[in-house]
Amino acid sequence: MTSLIRNPKDFWAGVIYVAVGLAAIIIGRDYGMGTASKMGPAYFPTVLGGLLALIGLISIVRSFQRAGEPLGVFAYKGAALVLGSTVLFGVLVRGAGVVISLVVLVIMSAYASIKFRWAPSIALAIGLAVFSVLVFIKGLGIPLPLLGPWFGG
């Protein structure tokens, strides 16, 4: 028996997009919507959730029409490293500061790739840390320490 789904990657990506989009819409229902000229707190997540769900539906429909590759093996190591680096960032940011936390986040996430190399990862980490400090701490004034109390900040 053949499957109706001709492109499993598009199908499952679409299912995930629809689920996340609908979750954003459902969560946004508890807030005021507002109007296009005076947006309320629910406006942005509702509109983006709707667009994401629409893209997901298009992907699901396409998965029945166009042939594609089957799903490969799930990269448990990569997923664990990316998720772990995000959690570790949240744990470290107050004590170690934004700079150290971002460097750890980027290098640990980059290590999830099979193409990991130290030099580009360190360069990316430093560049992202500088950019984030300039935009979020200096530009937007977000009250997070550059170097936290663990490093004398």
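By convention here, the first residue in the shown sequence is residue 1.
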**Request:** Test Met33 against Thr46 for side-chain contact (heavy atoms from CB on, under 4.5 Å), laying out the working first.
**Result:** CA-CA 8 Å; Met33 184 68 164; Thr46 302; 3.8 Å; yes
**Request:** Look at the side-chain heavy atoms of Ile, Leu, Val, Met, Phe, Trp and Tyr, link any pair under 4.5 Å apart, and say whether Phe116 and Leu88 land in one connected group.
**Result:** yes
**Request:** Indicate if Leu128 and Val82 have the same hydrophobic cluster label, given that clusters are the connected sets of ILVMFWY residues with side-chain heavy-atom separations under 4.5 angstrom.
**Result:** no
**Request:** Following the transitive rule for hydrophobic clusters with a side-chain heavy-atom cut-off under 4.5 Å over Ile, Leu, Val, Met, Phe, Trp and Tyr, establish whether Leu57 and Val61 coincide in one cluster.
**Result:** no
**Request:** Work out which heavy atom in Leu92 is nearest to a heavy atom in Ser101; give both atom names and the distance.
**Result:** C-OG, 3.2 Å
**Prompt:** If Ile, Leu, Val, Met, Phe, Trp and Tyr residues are connected whenever their side-chain heavy atoms lie under 4.5 Å apart, and connections chain through other members, are Leu144 and Leu105 in the same group?
**Reply:** yes
**Request:** Might you point out which heavy atoms bring Gly28 and Ala42 nearest each other, and give the distance in Å?
**Result:** O-CB, 3.0 Å
**Message:** For Ile114, is the CD1 atom crowded, meaning more than 12 foreign heavy atoms sit under 6.0 Å from it?
**Reply:** no
**Item:** Closest contact, heavy atoms only, Gln65 versus Arg6
**Value:** O-NH1, 2.7 Å
**ring-ring contact (aromatic ring centres under 6.0 Å, His included) against Phe44, all qualifying residues, sequence neighbours excluded** = none
**Beyond-backbone contact of Trp12 with Leu71, side-chain heavy atoms, under 4.5 angstrom** = yes
**Item:** More than 12 heavy atoms from other groups under 6.0 Å of CZ on Phe64
**Value:** yes
**Prompt:** What closest approach, in Å, do Met108 and Gly84 show between heavy atoms, and which atom pair accounts for it?
**Reply:** CE-C, 3.7 Å
**Asked** Hey, does Tyr43 have a side-chain heavy atom less than 4.5 Å from the side chain of Tyr31?
**Response** no
**Message:** When you compare the side chain of Arg66 with that of Asp10, does any pair of heavy atoms fall below 4.5 Å?
**Reply:** no
**Message:** Do Val93 and Val98 make a side-chain contact, defined as non-hydrogen atoms from C-beta onward lying under 4.5 Å apart?
**Reply:** yes
**Prompt:** If every non-hydrogen atom of Ile107 is compared with every non-hydrogen atom of Ala125, which pair is closest and at what distance?
**Reply:** CG1-CB, 4.1 Å
**Message:** Please enumerate all residues that pass side-chain hydrogen bond (donor to acceptor under 3.5 Å, both in side chains) together with Lys138, with sequence neighbours excluded.
**Reply:** none
**Request:** Is it possible for you to check whether Lys77 lies under 6.0 Å from the centre of the six-membered ring of Tyr111, through NZ or CZ, and within 45° of that ring's axis?
**Result:** yes
**Message:** Could you measure the distance from the OG atom of Ser63 to the CG atom of Leu4? Nearest 0.5 Å is fine.
**Reply:** 10.0 Å
**Prompt:** Same cluster for Val91 and Ile142 if Ile/Leu/Val/Met/Phe/Trp/Tyr side chains link at under 4.5 Å?
**Reply:** no
**Gap between atom CG of Leu102 and atom CZ of Phe136 - 0.5 Å precision** = 9.0 Å
**Message:** Using 0.5 Å steps for rounding, measure from the CD1 atom of Ile27 to the CG atom of Leu22.
**Reply:** 11.0 Å
**Hydrophobic cluster (4.5 angstrom, side-chain heavy atoms) - remaining members for Leu52** = Ile16, Tyr17, Val20, Ile55
**Fill in**
Correct closest heavy-atom pair for Arg94 and Pro149 would be O-CD, 3.3 Å
